[in-house]
J.: 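My structure is below; once you've seen it, I'll send some questions.
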Amino acid sequence: QVQLQESGPGLVKPSQTLSLTCTVSGGSISNDDYYWTWIRQVPEKGREFIGYIYHTGNTYYNPSLKSRVTISVDTSKNKFSLKVTSVIAADTALYSCARGGSSGNYYYMDLWGKGTAVIVSS
Amino acid sequence: DIQMTQSPSSLSASVGDRVTITCRASEIVKTHLNWYQEKAGEAPKLLVFAASNLQRGVPSRFSGSASATEFTLTISSLQPEDFATYSCQQSYKDPPTFGQGTKVEVK
């Protein structure tokens with residue numbers, strides 16, 4: 001079955017760039033039925049939607065993070081990636097990738113990775 | 001952004017209990033409301049989409065309903081594997097936003 005797995009450094013220094021990858025296994029990232037998302041959860045707070053990408057490269061970013069975030073896709077490797085520049089302590093969170101799907105015009109995340117913890121600290 | 005407010009933030013229940021969790025949206029989201037189950041160390045699981053549609057494979061003891069801007073997730077008879085955190089999420093308007101979660105604990 002399809003699985004998603006996040007990977008990347010667990011510790012990033014302030015002002016540096018956070019880079020994470022989500023590897024999709026058991027299915028193709030180029031499937032037109034899905035889009036690919038990044039979501040984070042700051043400790044003791046709700047989840048925050050970061051953005052999504054289609055295999056075509058079309059993206060959407062949360063305006064709250066748009067100036068610092070880039071999501072890209074590598075269809076040849078069945079992976080998509082997240083970069084957050086100029087990180088600060090408030091970017092410390094559990095970062096998760098998820099597959100977005102739809103039923104008609106109803107959208108949801110129907111498959112998630114377990115998430116990877118990232119700490120921003122010097 | 002649309003604010004999603006869940007209540008209660010936690011509850012204690014026993015196996016066999018009927019459990020109800022509420023999610024309120026700060027503005028109209030129609031029925032663009034999803035529910036997820038989260039367990040520590042595991043990937044979140046989609047339970048309900050479009051307010052009342054059960055995701056494939058989700059037991060029928062779970063159900064969702066909607067009334068204006070208030071949404072409810074009900075577990076008709078709590079099972080041992082249902083102790084977890086439940087979160088709502090609206091997909092009506094970008095960016096998608098989540099509730100803060102409701103933790104269902106053992107009484």
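What you see is a predicted model; the values in this text were computed from it and never measured. Note on naming: letters A, B, ... go to the chains in the order of the sequence lines (proteins, then strands), and numbering restarts at 1 for each one.
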J.: Parallel, tilted or perpendicular, judged at 30° and 60°: which one describes the rings of A/Y54 and A/Y35?
T.: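 Ring orientation, 0 to 90° scale: tilted.
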
J.: What class does the angle between the rings of A/W36 and A/F80 fall in, given that below 30° is parallel, 30 to 60° is tilted and above 60° is perpendicular?
T.: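 Aromatic pair A/W36/A/F80 classed tilted.
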
J.: Would you mind checking which part of A/I50 comes under 4.5 Å of any heavy atom in chain B, side chain (CB onward), backbone (N, CA, C, O), both or neither?
T.: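 Neither part.
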
J.: Under 4.5 Å heavy-atom distance to chain B, tell me which part of A/S103 shows up: side chain, backbone, both or neither.
T.: side chain

J.: Using ring centroids (six-membered ring only for Trp), state whether A/Y106 and B/H32 fall under 6.0 Å.
T.: yes

J.: I'd like to verify something: which residue of B/E42, B/R56, B/Q100 has the highest number of heavy-atom pairs under 4.5 Å with chain A?
T.: B/E42

J.: Please identify, among B/A51, B/A43, B/P44, the residue contributing the most non-hydrogen atom pairs under 4.5 Å to chain A.
T.: B/P44

J.: Taking the basic N atoms (NZ, or NE/NH1/NH2) and the acidic carboxylate oxygens, is any pair closer than 4.0 Å for B/E81 and B/K45?
T.: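 Salt bridge flag = no for B/K45 with B/E81.
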
J.: Quick check on the interface: out of A/G113, A/S96, A/G46, who has the most heavy-atom pairs with chain B under 4.5 Å?
T.: A/G113

J.: Between B/N34 and chain A, with a heavy-atom cut-off of 4.5 Å, which part of the residue counts as in contact: side chain, backbone, both or neither?
T.: side chain

J.: For B/Y36, is it the side chain, the backbone, both or neither that has a heavy atom under 4.5 Å from a heavy atom of chain A?
T.: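 For B/Y36, side-chain heavy atoms alone lie under 4.5 Å from chain A.
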
J.: What part of A/Y60 is in contact with chain B, defined as an atom under 4.5 angstrom from a non-hydrogen atom: side chain, backbone, both or neither?
T.: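 Answer is side chain: those atoms of A/Y60 sit under 4.5 Å from chain B.
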
J.: Select, from A/N105, A/L111, A/L4, the one with the greatest count of heavy-atom pairs under 4.5 Å involving chain B.
T.: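 Of the options given, most contacts go to A/N105.
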
J.: Are B/K107 and B/S14 close enough that a side-chain donor and a side-chain acceptor fall under 3.5 Å?
T.: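 Not at all, the side chains of B/K107 and B/S14 share no donor-acceptor pair under 3.5 Å.
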
J.: To the nearest 0.5 Å, how far apart are NZ in A/K13 and OG in A/S15?
T.: 10.0 Å

J.: Do the side-chain N and O atoms of B/E38 and B/S87 include a donor-acceptor pair separated by under 3.5 angstrom?
T.: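 A pair is found: one side chain offers a donor N or O, the other an acceptor, under 3.5 Å apart.
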
